[in-house]
Amino acid sequence: VEVQSPSVELCKLAGQLCYMSFGLTRSRNTPEDIERYFGNILSSKHGSVLEHANVSILFWGDSRSLTHELVRHRVGIGFSQVSQRYVDGTKLRFVERPEYQRDEVLHRCFEDSIDSAAAEYATRAERLLQITHFDESMSRTERRKAVNQAARSCLPNETEAPIVVTANMRTWRHMIENRASRHAEPEIRRGFSKVLSALTIVAGALVGDYTITKLADGSEDVQTSWRKV
Ligand SMILES: Cc1cc2nc3c(=O)[nH]c(=O)nc-3n(C[C@H](O)[C@H](O)[C@H](O)COP(=O)(O)OP(=O)(O)OC[C@H]3O[C@@H](n4cnc5c(N)ncnc54)[C@H](O)[C@@H]3O)c2cc1C
């Protein structure tokens, strides 16, 4: 008997419960059984079964433009993201787009613009500290937030914005189909290729139908016959 990941076991148990079909004569747990089982679940669009498995993923080293697209997803999902009001400019990091990494001129543009954004942030924060009227009752944290929230307006989309995302497997599938396809923006597409790799490790049977095609520029396009189950 093969042991599946807890996420896969849970979804299988939930699906079997619907029909009280637990396979009393044998465990139905070989890789072939599991593949056939979830093939049926996906092809019949019985996707609610996949809502029982929740997976949390830390997006680290991704830009605020990527996370802005990510947080448009609303169903079956939760987020915790670094606060630009609480965390000041000493922790600033920036993310270079793939197109910029490949070209010397664009790479220099990127470096110049992030140096200037960081310097601008520091200048604004210093000035805001001098001119802001702080109520005496305000704590140090409240004062810092009042400065940071005004200084951050000069930060570009390239600012790194770490975020923890917890979603159920039905939602992860929906996001993979939207964000890892060739129609998606390259940075988020690259991120979601990695999401698919991670989910293949922890819940492979729930994403086993996806096919990955290498595109001319080396990036990946992820597709399935069973979209939006
Ligand atoms: C390639 C691409 C380009 C895009 N371009 C733009 C753009 O130019 N401008 C822009 O503003 N956005 C853009 N978006 C974002 C897009 O419009 C969605 O907001 C985002 O992808 C979230 O998708 P969703 O609503 O399906 O997802 P979720 O919020 O995860 O919802 C999952 C599903 O639940 C159902 N659902 C959720 N909420 C509702 C509701 N209120 N009523 C009925 N059904 C609901 C829908 O079936 C939905 O597909 C783009 C997305 C992609 C992938």
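Every number for a ligand or one of its atoms is a count from 1 in the order of the listing.
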Can you see which heavy atom on Tyr121 is nearest to which on Asn148, and at what distance? OH-OD1, 3.4 Å

Can you confirm whether some protein heavy atom lies under 4.0 Å from atom 47 (O) of ligand 1, or whether none does? yes

Considering only the protein, which heavy-atom contact is closest to atom 16 (C) of ligand 1, and what is its distance? Arg72 NH2, 4.6 Å

Please check atom 14 (N) of ligand 1 for a protein heavy-atom neighbour under 4.0 Å. no

Side-chain hydrophobic cluster, 4.5 Å single linkage: members besides Leu129: Leu128, Phe134, Met138, Val147

Candidates Arg74, His73, His174, Arg189; heavy atom nearest atom 38 (N) of ligand 1 found on Arg74

What I want to check is whether the side chains of Asp209 and Thr224 have a donor and an acceptor closer together than 3.5 Å. yes

Smallest heavy-atom separation, Ser5 atom then Ala203 atom, equals OG-CA, 4.0 Å

Apply ring-ring contact (aromatic ring centres under 6.0 Å, His included) to Phe192 and list each qualifying residue two or more places apart in sequence or on a separate chain. Phe59

Is it true that Lys228 lies under 4.0 Å from ligand 1, counting heavy atoms only? yes

Among Val75, Asn178, Leu70, which one puts a heavy atom closest to atom 34 (O) of ligand 1? Val75

Test item: protein heavy atom less than 4.0 Å from atom 28 (P) of ligand 1: yes

Any protein heavy atom lying closer than 4.0 Å to atom 20 (C) of ligand 1? yes

Could you tell me whether atom 3 (C) of ligand 1 has a protein heavy atom closer than 4.0 Å? no

Any protein heavy atom < 4.0 Å from atom 51 (C) of ligand 1: yes

Compute the minimum heavy-atom distance from Arg179 to ligand 1 and say whether it is under 4.0 Å. yes

Are any side-chain N or O atoms of Thr67 and backbone N or O atoms of Leu70, one a donor and one an acceptor, separated by less than 3.5 Å? no

Please check: side-chain N/O of Ser80 versus main-chain N/O of Val164, any donor-acceptor pairing under 3.5 Å? no

So, the side chain of Arg170 versus the backbone of Gly76: is there a donor-acceptor pair under 3.5 Å, distance only? no

Any protein heavy atom at under 4.0 Å, with atom 42 (N) of ligand 1 as the reference point? no

Working to the nearest 0.5 Å, report the span between CZ of Phe110 and CG of Asp115. 9.0 Å

Any idea which atoms of ligand 1 are less than 4.0 Å away from a heavy-atom of His183? 1 (C)

In the complex you have, is atom 6 (C) of ligand 1 within reach of the protein, judged by whether a heavy-atom distance drops under 4.0 Å? no

